[in-house]
Amino acid sequence: MTAAPEVLTELQGLRIRVPHLTGAMVASTDGLVIAHLVTGMEPDGVAALTAAALGVGARLTDAVGHGGFRELLVSGEHGYVATYAAGASCVLTLLASSDANVGRLNLEARRAGARIAPLVDGALGRPRRAPAPPRSEAPPAERLQAEAARSDTPRPHTSRPDNQSGVTS
């Protein structure tokens, strides 16, 4: 694969930008290592586990109606394992110590994934998939009403003021 040197450069940049990052890997969605910066563990095994986690994450988001898989964060006693979708054919997995700033980790990983995706997809000759639409930012009450309208299951009715005088229905 011709994209591996560029992907490795991106992983090295992540290591510089994200304090407490202890490892980084890009793997295909079927569990093959594309590029990595991990020590003290077997990259092939981590890539295979990442593919399995990706499968579970994708099935879970689909089952609950939350669209395509974007990311998965696992918090362990000694740190984090974070996996991010990066195009149609690969995932970015980051390892960080428990001292890591998870917000910074997410921000930098999402940006890196967007840069890695065309490198890997292009090298594999796969078309880029369209990015997932942004999540609805509707207030919780409006989201519940929309869900209730789509559902066959009756939902409890909550009273809301019909007019300015505070009369409820």
Side-chain angles (χ1 to χ4, degrees), residues 1-138 140 143:
M1 166 183 292
T2 59
E6 292 90 354
V7 173
L8 191 56
T9 299
E10 187 62 46
L11 295 181
Q12 291 166 335
L14 268 172
R15 262 227 163 121
I16 293 167
R17 293 186 306 272
V18 180
H20 306 290
L21 192 66
T22 59
M25 170 184 292
V26 174
S28 66
T29 55
D30 53 355
L32 301 175
V33 176
I34 294 171
H36 74 87
L37 293 174
V38 295
T39 57
M41 64 193 71
E42 180 57 40
D44 293 329
V46 174
L49 288 169
T50 296
L54 171 67
V56 171
R59 288 185 66 191
L60 181 60
T61 57
D62 185 54
V64 298
H66 286 189
F69 174 84
R70 285 191 180 172
E71 56 197 53
L72 172 69
L73 178 68
V74 178
S75 176
E77 187 175 331
H78 301 291
Y80 300 96
V81 180
T83 299
Y84 303 85
S89 56
C90 67
V91 292
L92 169 64
T93 297
L94 302 179
L95 311 173
S97 70
S98 58
D99 296 336
N101 178 328
V102 177
R104 177 72 181 262
L105 179 78
N106 284 331
L107 176 70
E108 294 294 343
R110 291 170 187 153
R111 291 175 177 171
R115 290 187 296 267
I116 290 169
L119 295 173
V120 175
D121 288 347
L124 294 176
R126 296 184 183 172
R128 285 212 55 200
R129 70 175 177 205
R135 292 182 185 171
S136 171
E137 298 300 325
R143 281 197 311 265

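Rounded to the nearest 0.5 Å, atoms CD1 (Ile34) and CE (Met25) are 10.0 Å apart. Rounding to the nearest 0.5 angstrom, the gap separating the CG atom in Leu54 from the SG atom in Cys90 is 10.5 Å.
Taking Asn101 as the reference, nothing meets the side chain to side chain donor-acceptor pair (under 3.5 Å) condition, with sequence neighbours excluded.
Shown here for Val91 and Ala85, the closest heavy-atom pair between the two residues is CG1-CA, 4.4 Å. In this structure, Leu94 and Ala24 approach most closely via the heavy-atom pair CD2-CB, 3.6 Å. Closest heavy-atom contact between His36 and Leu8: O-CD1, 3.6 Å. Shortest non-hydrogen contact noted between Gly67 and Thr61 is O-OG1, 3.1 Å. When all heavy atoms are compared, the tightest approach of Phe69 to Thr83 is CZ-O, 4.0 Å. Across every non-hydrogen atom of Ala117 and Ala86, the tightest pair is CB-C, 3.6 Å.
Within the structure, salt bridge (Lys or Arg N to Asp or Glu O under 4.0 Å) contacts touching residues 14-25 (residues at least two apart or in different chains) are Glu10-Arg17, Arg17-Glu108.
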Quick one: do Arg110 and Arg70 satisfy side chain to side chain contact (heavy atoms under 4.5 Å, CB included)? Show the steps, please. CA-CA 9 Å; Arg110 291 170 187 153; Arg70 285 191 180 172; over 6 Å; no
Can Tyr84 and Asn106 be said to form a side chain to side chain contact (heavy atoms under 4.5 Å, CB included), step by step? CA-CA 9 Å; Tyr84 303 85; Asn106 284 331; 2.6 Å; yes
Could you walk me through whether Leu14 and Leu92 pass the side chain to side chain contact (heavy atoms under 4.5 Å, CB included) check? CA-CA 11 Å; Leu14 268 172; Leu92 169 64; 4.1 Å; yes
Verdict with supporting geometry, Asp30 and Ser28, side-chain hydrogen bond (donor to acceptor under 3.5 Å, both in side chains): CA-CA 5 Å; Asp30 53 355; Ser28 66; 2.3 Å; yes
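Residue Val33 forms a side chain to side chain contact (heavy atoms under 4.5 Å, CB included) with just one option from Asp44, Val26, Val38, and that option is Asp44.
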